[in-house]
2 protein chains.
Amino acid sequence: MSQSAEDVRSAYEDSCHARGDVGPIVRDVLDRVADKWSLLVIATLQQGRLRFSQLQAHIPGVSQRMLTRTLRHLERDGLISRTVHAEVPPRVEYELTPMGGTLLAPAIALAEWAIAHHEQIEERRAAYDAR
Amino acid sequence: MSQSAEDVRSAYEDSCHARGDVGPIVRDVLDRVADKWSLLVIATLQQGRLRFSQLQAHIPGVSQRMLTRTLRHLERDGLISRTVHAEVPPRVEYELTPMGGTLLAPAIALAEWAIAHHEQIEERRAAYDAR
DNA sequence: CGGGATCCTACTCGATACTG
DNA sequence: CAGTATCGAGTAGGATCCCG
């Protein structure tokens, strides 16, 4: 870890063939990963396969609509898998795909940064707003 | 790296005193870090102190308004510093603060994940949409 | 139980025009 | 040069109702 600016630039040029801009790519993925609920869903699915209602219970504040939308988006991107069991009442289970699993490390790193610094950030905000 | 779910939970409990939810905290920081331009600004400032116009030139597509807003937000949170030189024409320089620098490692990790997987993600999207 | 369909509000972003 | 002010379009997200 602790990559340099050059590392990022070279990774960018590798994947973009030395043309265009890395910005859109990073933002595209980031928009999926960093929206209001995705990261929370992914972190929760770290526990293993879970049902829709279990996810909803583990993620306070998420509406049914947003949980559904988030799960669909993550499924579309291949980060989670959706399994419908032909039973009554219906049972639908979600779990991380292998690719979804590879997102955990960077996602957790960012989450830990957030947890470690949010206090300092709030202090800075208060100081800034006090002017 | 490659932390476990328990590591995240314990980090959460440490900072939240075993109450509340880590979600809002992570989301609060993430909303700042993962908005449309912040990460790009931070990555660009990795090069060192830059002027407003230099930032705008290095970040294709950013409007003057959004760059200003992004810089203000990052400054408020203590991630970058803003220096106004009393000259004419005015010269304003931005640079990462020490705390801003600590964000680089996790941010780059996520950016590299995005670059490494965006191709696979687009394949999955195409496959999903083809149904 | 899981989730589709609607409606509605608030906010975000971009374009444009103006300023010290 | 480095902003601020204003406006309009688009969208994210919540509430609600309904269905297999």
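Here is the naming used below: chain letters follow the sequence lines, and residue numbers restart at 1 for every chain. As the structure is a computational prediction, the values presented were derived from the model and not from experiment.
- Looking at heavy-atom distances under 4.0 Å, B:Gln64 makes contact with a base.
- Remark on DNA chain C: of its neighbouring residues A:Val92 and B:Met66, the 5'-side contact belongs to A:Val92, judged by nearest-heavy-atom nucleotide.
- Checking side-chain atoms of B:Thr70 against main-chain N and O of B:Trp37 turns up no donor-acceptor pair under 3.5 Å.
- A salt bridge is absent between B:Asp77 and A:Arg124: the closest approach of a Lys/Arg side-chain nitrogen to an acidic carboxylate oxygen does not fall below 4.0 angstrom.
- Put simply, the side chain of A:Thr44 never gets that close to the backbone of A:Leu55: no donor and acceptor are under 3.5 Å apart.
- The backbone N or O of B:Arg72 lies less than 3.5 Å from no partner atom in the side chain of B:Glu75, so there is not a single donor-acceptor pair.
- Of the possible polar contacts, one joining the B:Gln54 side chain to the B:Arg51 backbone as a donor-acceptor pair under 3.5 Å is found.
- Under the side chain to side chain contact (heavy atoms under 4.5 Å, CB included) rule, B:His117 has a single partner from A:Leu103, A:Thr102, A:Val29, which is A:Thr102.
- The span of DNA chain D lying next to chain B, judged by atoms under 4.0 Å from heavy atoms, is bounded 5' to 3' by D:dC1 to D:dT6.
- Taking the charged nitrogens against the carboxylate oxygens, A:Arg125 and B:Asp28 do have a contact shorter than 4.0 Å, which makes a salt bridge.
- Residues from residues 81-89 of chain A that place a heavy atom under 4.0 Å from any atom of DNA chain C, listed by number: A:Arg82, A:Pro89.
- With hydrogens and angles ignored, the 3.5 Å screen pairs a side-chain donor or acceptor of A:His118 with a backbone N or O of A:Ile115.
- In this structure, NE2 on B:His85 lies 3.5 Å from CD on B:Glu93, to the nearest 0.5 angstrom.
- Between the B:Thr97 side chain and the B:Leu79 main chain, a donor and an acceptor come within less than 3.5 Å of each other.
- When DNA chain C is scanned 5' to 3' for any atom under 4.0 Å from a heavy atom of chain A, the first and last hits are C:dC1 to C:dT6.
- Both B:Arg69 and A:Thr68 sit near DNA chain C, but only A:Thr68 has its closest nucleotide nearer the 5' end.
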